[in-house]
Colleague: 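The structure's right below; bear with me while I get my questions together.
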Amino acid sequence: MTLSFDPSTIDIPKGHHIDGRYIDLPGEDIRVLRPSDLQLMGMITDGGEAAVDLAVEAAKAGLKHSGWTRLAPRERGAALMRFAALIEENAVYLGQLEAMGSSRLISMTITRDAVRTAGVVRYYAEFCDKIEGTVTATDGNSLSLVKNEPYGIVGAIVPWNFPMITAAWKFAPALAAGNAVVMKTSELTPHSLLALAELAANAGLPRGLFNVVNGYGHTTGAAIVRHPDIRKISFTGSTQTGAAIMSLAAQSGIKPVVLELGGKSPQLVLSDAGDLDLVATRIAAAFMDNAGQVCTAGSRLIVEDRISDELISKIVARTKAIAAGPTWDETTTFAPIISQKQHDRIDTMVRQSISEGASALVGGTTLESRNQGNFYAPTILENVSETNVGFREEFFGPVLTVSSFSDLDEGLAQAAHPIYGLAASIHTTDIKKALKAADAIESGMVWINQHGRGPEFTYPAGGFKGSGFGKDMGRAGIEAFLRQKAIWVNYG
Ligand code: NAD
């Protein structure tokens with residue numbers, strides 16, 4: 001069966017999804033374009049405060065009438081299991097929506113993104129009856145209980161690069177913990193999240209628990225952060241927006257935040273890395289997958305000088321073996337850039353980097369494609385000094401900087417970044433060196449002989465320093481949506 005499809009045949013969700021149904025609300029019209037060919041996918045409105053207010057009222061009513069927080073945990077789990085099953089049943093439709101609206105390729109969105117979204121919901125459904133508290137040490141006349149409670153209503157804001165899966169990392173644990181959710185994805189990619197909210201309602205999730213509002217960040221996103229009845233914010237996006245959200249949350253009732261932010265992740269390759277063809281394939285994929293629009297993209301290659309020329313020439317060869325094209329064509333292997341604005345930002349940064357002393361080994365230009373979409377050529381830059389924009393800032397595009405070192409300490413010094421600390425990978429067959437390097441690198445995630453997290457949901461993802469704090473996924477992912485209450489009983 002071919003995965004390719006005709007985008008004109010797909011139903012596009014319309015409206016905000018609040019209180020278990022689609023609702024039209026007045027607001028500025030936003031045209032949502034397909035990044036592959038810049039044709040109109042659908043219209044949404046910027047819901048702003050009115051949409052967020054409505055969603056919060058629905059969440060309050062939903063929590064009250066369903067008793068979600070106080071429900072037997074296995075019943076909450078069962079509702080989420082039904083939701084997961086429905087996501088799986090609708091994986092083709094969800095994958096098609098995701099492929100039309102984002103930079104994700106149809107070869108990935110059904111079998112990987114949609115199926116993993118179902119997996120995330122199922123993983124957290126299984127947690128519902130495993131949320132436990134503790135009894136702490138006291139004298140014989142007292143009982144000290146520590147309970148883990150949901151916050152009530154939580155807000156979640158996510159970006160456009162993996163719209164379904166980054167959303168699921170937040171709504172699934174939030175719901176499993178007993179909260180109601182008001183969330184927003186990027187105004188560039190609203191449709192797959194709306195479809196997920198519809199499936200949640202169809203699966204019988206009580207109305208009002210899972211609300212999706214559409215709109216811009218500075219209006220609708222900020223209204224979520226400011227709302228006095230939203231108790232916690234979980235955000236994924238750029239470091240700059242994360243800082244603005246943290247500041248707004250501090251002014252809006254000292255609201256706790258989880259921030260999953262940008263990165264500038266190094267790929268450190270030692271001369272004993274092994275099969276260089278395999279290593280080159282991994283390194284190339286780590287900066288070209290999703291056209292580099294991945295928070296953990298391996299955007300800095302730091303390679304031991306003895307193998308540097310050979311490895312770089314193999315990576316350059318792989319940049320030429322790509323097929324850029326529509327995301328709904330299963331033969332496409334190289335993704336478009338999400339928008340003209342993002343394309344131009346990458347191009348401007350590459351040009352600035354070159355004007356500051358870098359040289360392009362390959363790329364550095366717009367890529368001709370089979371249609372009108374925004375494609376940027378895989379680009380490799382060398383001679384990128386620590387003051388160069390190409391070192392300091394995240395491209396969030398298919399750009400790799402390369403540098404070399406002669407001993408591991410020098411390599412580790414190059415791997416350190418003054419701002420970011422999201423992820424890093426080390427490629428070597430020497431386990432001692434690998435583990436020492438992993439200890440030395442200041443980043444929230446370190447991978448050895450691969451770049452990118454594995455498929456398991458157990459693995460907590462999140463960064464250090466300017467890459468944020470708090471974790472999505474794993475046990476930490478649900479703990480983020482629980483707060484501890486200490487209860488003291490005097491029975492003396
Ligand atoms: P962005 O920060 O521009 O926007 C992210 C979301 O925040 C969007 O929904 C946007 O509408 C909203 N937003 C923007 N301004 C806001 C404001 N003032 N108040 C409230 N909400 C606001 O990021 P983007 O361009 O959509 O995504 C790319 C960025 O996301 C990159 O920096 C990337 O590294 C990061 N990212 C991080 C992770 C991670 O897990 N660490 C994962 C994916 C993406």
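Whatever order the structure lists ligands and atoms in, that order sets their numbers, starting from 1.
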Colleague: Compute the centroid of each ring, for Phe391 and then for His417, and state whether the two points are separated by less than 6.0 Å.
Modeller: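 They qualify: ring centres under 6.0 Å apart.
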Colleague: When you check the side-chain N and O atoms of Ser36 and Thr327, is any donor under 3.5 Å from an acceptor?
Modeller: yes
Colleague: In a check of side-chain hydrogen bond (donor to acceptor under 3.5 Å, both in side chains) between Arg104 and each of Asp113, Asn161, Thr109, which one passes?
Modeller: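 Between Arg104 and the candidates, side-chain hydrogen bond (donor to acceptor under 3.5 Å, both in side chains) is satisfied uniquely by Asp113.
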Colleague: Would you mind listing every ring pair (Phe, Tyr, Trp, His ring centres under 6.0 Å) that reaches into residues 181-202, with sequence neighbours excluded?
Modeller: none
Colleague: Answer yes when Lys471 and Glu479 have at least one side-chain N-carboxylate O distance shorter than 4.0 Å, and no when they do not.
Modeller: no
Colleague: Might you list the protein residues in contact with ligand 1, defined as having a heavy atom under 4.0 Å from one of its atoms, sorted by chain and number?
Modeller: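 Within the 4.0 Å shell of ligand 1, which is judged on heavy atoms, sit Ile157, Val158, Pro159, Trp160, Asn161, Lys184, Thr185, Ser186, Glu187, Gly217, Gly221, Ala222, Phe235, Thr236, Gly237, Ser238, Thr241, Ile245, Glu260, Leu261, Gly262, Cys295, Glu394, Phe396, Leu422.
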Colleague: Taking Lys264's backbone N and O only, do any of them form a donor-acceptor pair with Arg300's side chain (distance below 3.5 Å, no angle check)?
Modeller: yes
